[in-house]
Amino acid sequence: MNMLDKLNENQKKAVLHTEGPLLIFAGAGSGKTRVITHRIAYLMEEMHVPPWSIFAVTFTNKAAEEMKNRVASMIGPAGRDVFIRTFHSASVYILRRFGTHIGIPGNFSIFDQSDQESVVKRILMEMHLDPKKIRPSAIVSKISEVKDRAELVDGTDPASLLPESYSYDLSEIYRLYHEELKSQNALDFNDLLIKTVEVLRGSPSCLASLQSQWRYFMIDEYQDTNYSQYLISKYLSKGSRNICVVGDDDQSIYSWRGADIRNILNFESDYPDARVITLDRNYRSTEPILEAAQAVIRHNENRKDKDLKSEMGDGEPVTWCHSSNDYGEAEFTVNTIMSLKSREGFSNSDFAVFYRTNAQSRVIEDLLRRKSIPYRVVGGLRFYDRKEIRDIIAYLRFIVNPLDQVSLMRIINTPARGIGRATIDRIRSAAAEKSRSPWEVIQGSLLTGKVPKGLTLFRDVMTELMEALPGVPGSKKLSQFVMDIIESSGYRENLLDEKSAESTARLENIDEFVNSVYDYESGQPDAAMQDFLQDISLFTTEESPDAGQDSGGNAVTLMTVHNAKGLEFPVVFITGLEEEIFPHRLSIDSDEGIEEERRLCYVGITRAKERVYLTNAELRRTFGTLNYREPSRFISEIPGHIMQVKSYHSEGFSHNGNGVFRRRETGARKSAPSAPYPAPSPSPSPSPSPAPLSKPETGPGGSSAYSLHEQVLHPKYGVGRIIKIEGSGDNLKLTILFGSSSKTFMEKYTPLEKCP
DNA sequence: TTGAGGCTTTCAACA
DNA sequence: AAAGCCTCAA
C-alpha cells in the first residue's frame with residue numbers, strides 16, 4: 001500500500017495508531033486534514049473497518065464536506081458512508097433517532113439567535129420590561145453563555161450561574177425562556193448539544209446502540225470544543241476507546257462560544273495511556289510568512305511553546321501597507337491584486353481578503369465591483385438569513401411544527417392580510433385563557449367576536465397545506481410542496497405585484513431556495529421536510545449562491561478571519577489591522593481577550609502560502625462617522641527586518657464624494673508614525689495594470705425557447721409581448737408587456753403559451 | 001390596519 | 001451607512 005508514502009514520519013505514526021486514544025498536536029499547515037483523511041482511508045482499506053463505524057466531526061459544514069470528498073477521492077464512493085459531520089449536525093442526528101427518550105419529538109424546530117431574541121423580547125414585554133432598555137440580544141448571549149458552562153451541563157441550578165444585581169430578574173427570564181421553548185417544541189443551538197448529552201447519559205440503551213455503531217472517533221479542532229462536545233465525544237468513545245483528537249492551542253479562536261482550551265490540554269490526564277504526536281513541519285507557507293506568524297504568536301504568554309518549520313523554502317517578505325483611509329486600503333488591495341495577476345500570473349481565486357468584522361467588507365466589495373473583478377463573500381449575511389428566505393422557511397417550520405409560535409408570528413401577516421396587533425393580541429389572550437396554542441385558537445375558531453377575513457383565509461390555507469405535508473417519504477416532492485406554499489400563501493403574487501428591483505431580487509432568491517430544496521431532495525430522496533429544515537438550520541457559513549458577480553469559481557474570496565480557519569490561499573490580505581478593530585475594542589481590556597485576538601491574527605497569517613499583505617487605515621468610517629485608528633499592536637510585533645513597509649495614498653475622493661478624503665499631497669505626512677512602528681517609506685503605489693477585460697455578460701437567453709418581441713399568452717394577464725429576457729435555464733426571466741404595463745416572470749413558474 | 005417617512009440605534013466572531 | 005422602530009395620516 002503506497003498510501004503512506006506521501007506522509008512524513010509523524011504523520012505516518014498518526015495514521016498507523018488506530019487503536020486506543022491518540023492526541024495529535026497539529027500546527028498550522030502541518031497536514032492535519034491529510035492525516036485525518038489518510039487515517040480514515042487506512043482504517044477502511046487496511047483494517048477493513050466498515051465506513052459506518054467511523055465517526056468524524058469537524059468544525060464547519062464546509063470542512064465536513066471537504067473531508068468527505070477527499071476520503072471519497074481516495075477510496076471511492078464508500079467513503080461517503082463515513083459519518084462526517086459537525087457536532088451540531090451529529091447531535092441532530094442523535095436527537096432525531098433517540099430524542100423521544102427524553103421527550104423531544106422528532107419535528108422540533110431549531111431556534112437560531114434571532115428566533116431566541118424574539119422569544120426573549122416577548123418575555124420582556126410580558127414582564128413589563130422595556131426591550132429597548134434591556135437588549136434581548138444581551139439576554140440571549142447571557143443565557144447562551146450559561147448553557148455553554150460545564151456546571152450547567154452537570155446539573156447545577158442555572159440561577160446560581162447567572163450574574164446578579166440587575167434591575168430585573170434574570171433567572172426568571174431564563175426560566176420563562178425555557179418554558180417557552182418547550183411549549184413551542186423548539187431547541188436552541190446549545191440545547192442540541194446539551195440534550196444529546198442528556199440522551200447519552202440518561203438512556204443506556206441508546207448509548208449502547210450508538211457505541212456499537214461507531215467504533216472509531218476523530219475529533220477535529222479539538223481546541224475549540226466546549227464542555228458538552230467534550231462529553232459527547234467521551235461518552236460515545238467510552239466503549240471502543242478509539243478516540244483520536246486533533247488540535248492546536250494556538251488556533252483556539254472560539255472561547256466566546258464556550259470553547260474550553262482545557263479539553264485539549266487535559267486530554268493526557270483524561271487518557272493516561274494516550275499516545276501524543278506532534279506535527280510541526282509546515283507544508284503550506286514560505287519561511288518569511290511562517291516567521292512573521294510565529295513572531296506574533298510568541299507574544300502570547302499562555303501557550304505551549306512550539307516551533308514550526310517551513311518546508312516551503314524562502315519567499316517574498318510579508319508586506320505591511322499603511323493607508324490614509326479605508327478607501328485607500330481597499331484601493332491598495334485591489335491594485336495589488338490586479339498587478340499580481342498581470343505580472344505574476346496569479347488568478348482571482350488565488351486571493352483572499354480577510355477582515356475582523358463583516359461590516360468591513362463593503363468598501364472592498366465596492367472597489368472590486370468597480371474594477372469588474374469577480375468576488376465571493378463567504379459568511380456575512382447568510383443566504384438563509386434573507387428576509388424572504390426566512391419567511392418561506394417560517395412557513396415550512398410552522399407547517400411541520402404548529403407549536404412554533406415564533407414562525408407563526410412571522411408569517412401570520414406576511415404578506416399583509418389585515419391581521420394586525422389587535423387581532424394578534426386577541427389570539428394570544430384567548431390562547432392563554434383556554435390553555436391552547438395560538439394555532440389551536442385559530443384553527444378551532446375559538447375567538448369571540450368578529451374575526452378578520454384574512455385570518456379565516458390564513459387558517460384555510462394553512463390547514464390545507466398541513467394536510468398536504470409530505471409525510472410518507474416519496475409521497476410528494478419537497479420542492480413541489482415549497483412551490484405550493486409560495487403560491488397559495490400569496491407570497492409570490494405579492495412580490496410580483498410590487499415590481500421593484502428589490503422584489504425582483506427577492507423572487508430570484510426564492511427561486512434559488514426552491515432549487516436548493518430540489519438539490520436536497522435529489523441527494524436524499526427519503527428525507528422528510530423536518531429533516532430538510534433541521535439540516536439547513538445548521539448550514540450557515542454556506543456562501544450565498546449568488547454572491548459576487550460571477551459564480552463561475554474564479555473569484556476573489558472575502559471573509560472574516562474566523563471563517564478562514566482551515567482554509568489556505570496563495571495570497572492573503574489581512575485588512576483593518578488597527579487598534580479597536582483588530583484587536584477588537586471589546587477584547588482589548590483583558591489579557592485573555594488580547595491573546596485570543598492574537599491567535600486569530602496568527603490563524604489569518606498562516607492561511608497564506610506565498611504572499612501576505614497586512615494593511616491598516618489611519619482614518620476609517622464606522623457607524624457613519626470618521627475615526628482615527630492606530631495601527632494594530634500585532635503589526636509592531638513583527639520585527640521590522642522581516643517585513644516590507646509601504647504606504648499608500650488614495651487617489652481621488654472618498655466613497656461619499658463630499659471631499660472628506662480629499663487626496664493628500666504625497667509626502668504631506670512627513671512626521672514619522674508613533675515610536676514602535678517602522679517608519680513607512682513612501683513608495684510608489686502599485687500602478688494599476690490595465691484591468692483585465694471583464695467577462696462578457698452571458699448572452700440573454702442563449703438557449704431559451706423564447707425570443708425577444710415574441711407574443712405570448714399568459715393565463716392571467718392575456719396576450720403580451722416579450723420585451724426583455726434575462727438569465728437562463730431555471731433562472732430564465734421574461735419581462736412581458738401587457739398593454740402599457742410590464743411584468744417580469746420566472747419562466748419556470750409561468751405557464752406561458754406562444755402565440756403564432 | 002397599512003405603509004410612508006422620520007428618528008434611533010447599531011457592528012464581534014458562529015453552529 | 002443601513003437597518004430597525006415608531007408615529008401618524010389615510
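All values reported here derive from a predicted model rather than from experimental measurement. Per chain, numbering begins at 1; letters A, B, ... match sequence-line order.
One atom, CZ of Arg620(A), and another, P of dA12(B), lie 14 Å apart when rounded to the nearest Å. The distance between atom CD of Glu145(A) and atom C1' of dC14(B), rounded to the nearest whole Å, is 15 Å. Atom CG in Asp112(A) sits about 12 Å away from atom P in dA15(B), given to the nearest Å. If you measure from atom OH of Tyr254(A) to atom P of dA15(B), you get 6 Å, rounded to the nearest angstrom. Across the protein-nucleic acid pair, Lys387(A) atom NZ and dG4(C) atom P stand 10 Å apart, rounded to whole Å. One can place CD1 of Ile194(A) at 14 Å from C1' of dA15(B), the figure rounded to the nearest angstrom. Following rounding to the nearest Å, Glu117(A) (CD) and dC5(C) (C1') show an atom-to-atom distance of 15 Å. The nearest whole Å value for the distance from the OH atom in Tyr384(A) to the P atom in dA15(B) is 14 Å.
Look at the P atom in both dG4(C) and dA13(B): the space between them is 15 Å, to the nearest Å. Rounded to whole Å, the C1' atom of dC5(C) lies 23 Å from the corresponding atom of dA12(B).
Listed nucleotides: dT2(B), dA1(C), dA15(B). Nearest to the side chain of Ala416(A): dT2(B). Closest to the Gln113(A) side chain, of the nucleotides dC14(B), dT1(B), dA1(C), is dC14(B). Picking from dA12(B), dC11(B), dA15(B) the nucleotide with the shortest atom distance to the side chain of Ala359(A) gives dC11(B). Of the candidates dC6(C), dA13(B), dA15(B), dA15(B) carries the atom nearest the Thr60(A) side chain, counting heavy atoms from C-beta on. The listed nucleotides are dA15(B), dC14(B), dA13(B); the one nearest the side chain of Asn563(A) is dC14(B).
The 5' end of DNA chain B is approached more closely, in terms of each residue's nearest nucleotide, by Ile419(A) than by the other of Ser587(A) and Ile419(A). Each of Arg421(A) and Glu596(A) has a nearest nucleotide on DNA chain B; the 5'-most of these lies closest to Arg421(A).
Atom CZ of Arg262(A) sits in a sparse spot, with 12 or fewer heavy atoms from other residues, nucleotides or ligands closer than 6.0 Å. Heavy atoms of other residues, nucleotides or ligands lying less than 6.0 angstrom from CG of Asp130(A) number more than 12.
Across all strands, Asn413(A) comes closer than 4.0 Å only to sugar-phosphate atoms, never to a base (heavy-atom distances). As judged by a 4.0 angstrom heavy-atom cut-off over every strand, Gln229(A) is placed among residues making no nucleic acid contact. Counting non-hydrogen atoms under 4.0 angstrom, Arg585(A) reaches the backbone sugars and phosphates but no base. Counting any heavy atom pair closer than 4.0 Å across all strands shown, Arg135(A) reaches sugar-phosphate atoms only and no base atom. Contacts of Arg85(A) with the nucleic acid, taken as non-hydrogen atoms under 4.0 Å apart, are absent. Within 4.0 Å of Lys121(A), counting heavy atoms only, lie sugar-phosphate atoms of the nucleic acid but no base atom. If you check every strand for non-hydrogen atoms under 4.0 Å, Gln360(A) touches nothing.
Side-chain to base pairing of Ser537(A) with dA15(B): no donor and acceptor N or O lie closer than 3.5 Å to each other.
Between Phe189(A) and Phe111(A), the ring centre distance reaches or exceeds 6.0 Å. Ring centroids of Tyr254(A) and His562(A) are separated by less than 6.0 Å, placing the two rings close together.
When the side-chain nitrogen and oxygen atoms of Arg362(A) are compared with OP1 and OP2 of dA2(C), one or more of them lie within a distance under 4.0 Å. In terms of phosphate contacts, Lys132(A) brings a side-chain nitrogen or oxygen within less than 4.0 Å of OP1 or OP2 of dC6(C). Residue Asn358(A) places at least one side-chain N or O closer than 4.0 Å to OP1 or OP2 of dA13(B).
Judged purely by distance below 3.5 Å, without hydrogens or angles, the side chains of Asp260(A) and Tyr230(A) never pair a donor atom with an acceptor atom. A donor atom on one side chain and an acceptor atom on the other are found under 3.5 Å apart for Asn185(A) and Asn107(A).
Aromatic stacking is not marked for Phe59(A) over dA15(B), as the cut-offs of 5.5 Å for the centres and 30° for the planes do not both hold. Here His584(A) lies parallel enough and close enough to stack on the base of dA12(B), with planes under 30° and ring centres under 5.5 Å apart.
Checking Arg620(A), Arg356(A), Arg629(A) one by one against Glu580(A), the salt bridge (charged side-chain N to carboxylate O under 4.0 Å, His left out) holds for a single residue, Arg629(A).
Pair assignment for dT8(B) gives dA3(C), based on Watson-Crick or G-U wobble hydrogen-bonding distances that are each under 3.5 Å. Base pairing analysis places dC8(C) opposite dG3(B); the two distances defining the Watson-Crick or G-U wobble pair are each below 3.5 Å. Nucleotide dA13(B) has no partner under the Watson-Crick or G-U criteria, as no pair reaches both atom distances under 3.5 Å.
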